[in-house]
Amino acid sequence: MCTAETTMHLLLETEADDQYENPSWKTVQPLSLSGMWSVLLPIAILISQSMLTIYRSLNDMRTVSFIVIVDVVIALLFCSIIGHEKSPVRSKQRKTCKILIWFLATLLNVGFAYRVTMMMPLVVSWVLWALVGVTTVGTFHLYFLRPDPTIVCNLHH
């Protein structure tokens, strides 16, 4: 079990360790045929729903541009997650992917909140924007300002 003291001790102990740069438990396995469906099916559903929405909204360029932007952001988010999983533990590429993941997820959160709050009463919009703010600040704190105890604990167990 990892306590805060154990985590900090292990974190300080592993700062200079190079042998844990790419632990074997973190290697990415190639997808099997059944695993490929779990990736391709959601992408196919997203593309078909996006095409249907664009077709129904051809006269509303704001909706069409929103759908296109959301699809591009989701594709970039998936690419960033894959890059994060494949990169070595303390590499610059991993940090860059981490920043991109947070930024793109926040962008989706803000974009969807903007679209929803346009249809909501003012008080409900304030509550929704407050939730977006709390989520953005909370994920930033957990993702960047706090050490990851799972990596540190898994490296030594």
Side-chain angles (χ1 to χ4, degrees), residues 1-32 34-43 45-47 49-50 65-157:
M1 178 168 169
C2 271
T3 63
E5 290 177 32
T6 308
T7 302
M8 287 309 294
H9 174 70
L10 293 175
L11 183 64
L12 294 173
E13 185 179 285
T14 58
E15 284 295 323
D17 286 349
D18 291 334
Q19 64 184 356
Y20 297 112
E21 282 299 310
N22 198 1
S24 60
W25 60 270
K26 193 64 177 167
T27 56
V28 178
Q29 301 296 324
L31 285 175
S32 64
S34 63
M36 191 65 77
W37 282 107
S38 67
V39 173
L40 293 178
L41 186 62
I43 292 172
I45 291 171
L46 176 69
I47 290 171
Q49 288 296 315
S50 297
S65 60
F66 178 76
I67 295 300
V68 170
I69 289 170
V70 164
D71 286 351
V72 168
V73 169
I74 289 173
L76 290 172
L77 183 61
F78 281 138
C79 291
S80 299
I81 290 170
I82 291 169
H84 183 267
E85 290 176 347
K86 288 186 176 183
S87 60
V89 174
R90 288 191 274 295
S91 67
K92 185 174 180 148
Q93 177 188 1
R94 190 176 183 100
K95 290 178 185 175
T96 303
C97 289
K98 204 172 182 181
I99 292 168
L100 274 173
I101 290 168
W102 177 81
F103 175 75
L104 293 170
T106 301
L107 187 64
L108 281 174
N109 198 6
V110 169
F112 285 127
Y114 174 74
R115 291 293 288 193
V116 169
T117 56
M118 291 185 341
M119 300 176 277
M120 298 282 183
L122 188 60
V123 175
V124 177
S125 297
W126 290 345
V127 171
L128 185 60
W129 281 114
L131 288 172
V132 168
V134 167
T135 303
T136 301
V137 171
T139 55
F140 181 84
H141 174 74
L142 290 173
Y143 212 49
F144 296 110
L145 302 179
R146 191 172 161 219
D148 187 1
T150 58
I151 290 178
V152 175
C153 292
N154 284 333
L155 289 176
H156 288 278
H157 292 282

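Since we're looking at a predicted model, the values are computed, not measured.
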Does any part of the side chain of Trp102, heavy atoms only, come nearer than 4.5 Å to the side chain of Thr136, both counted from C-beta?
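Yes; the side chains approach each other to less than 4.5 Å.
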Kindly determine whether Tyr143 and Ile99 satisfy side-chain contact (heavy atoms from CB on, under 4.5 Å), including the steps that lead there.
CA-CA 9 Å; Tyr143 212 49; Ile99 292 168; over 6 Å; no
Spacing of [atom1] belonging to [X] relative to [atom2] belonging to [Y], to within rounding of 0.5 Å:
X: Leu76; Y: Asp71; atom1: CG; atom2: CG; value: 11.0 Å
X: Lys86; Y: Arg94; atom1: NZ; atom2: CZ; value: 13.5 Å
X: Leu46; Y: Phe78; atom1: CG; atom2: CZ; value: 7.5 Å
X: Phe103; Y: Leu77; atom1: CZ; atom2: CG; value: 11.5 Å

Partners meeting ring-ring contact (aromatic ring centres under 6.0 Å, His included) with Tyr114 (sequence neighbours left out):
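So Tyr114 forms no ring-ring contact (aromatic ring centres under 6.0 Å, His included) with any residue.
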Hey, is the main chain of Phe144 close enough, under 3.5 Å, to the side chain of Lys98 for a donor-acceptor pair?
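Judged by distance alone, no pair lies under 3.5 Å.
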Within the side chain of Ser80, is there an N or O that forms a donor-acceptor pair under 3.5 Å with the backbone of Ile101?
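Side chain of Ser80 to backbone of Ile101, a donor-acceptor pair under 3.5 Å: no, none is there.
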Nearest atoms (heavy-atom pairs only) where Gly83 meets Cys97
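Taking every non-hydrogen atom into account, C-SG, 3.7 Å.
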side-chain contact (heavy atoms from CB on, under 4.5 Å), paired with Ser50, selected from Ile74, Ile67, Ile45:
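By the side-chain contact (heavy atoms from CB on, under 4.5 Å) criterion, Ser50 pairs with just one of Ile74, Ile67, Ile45: Ile67.
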How about Phe112 and Phe66: are their ring centroids closer than 6.0 Å?
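Here the rings of Phe66 and Phe112 have centres that are less than 6.0 Å from each other.
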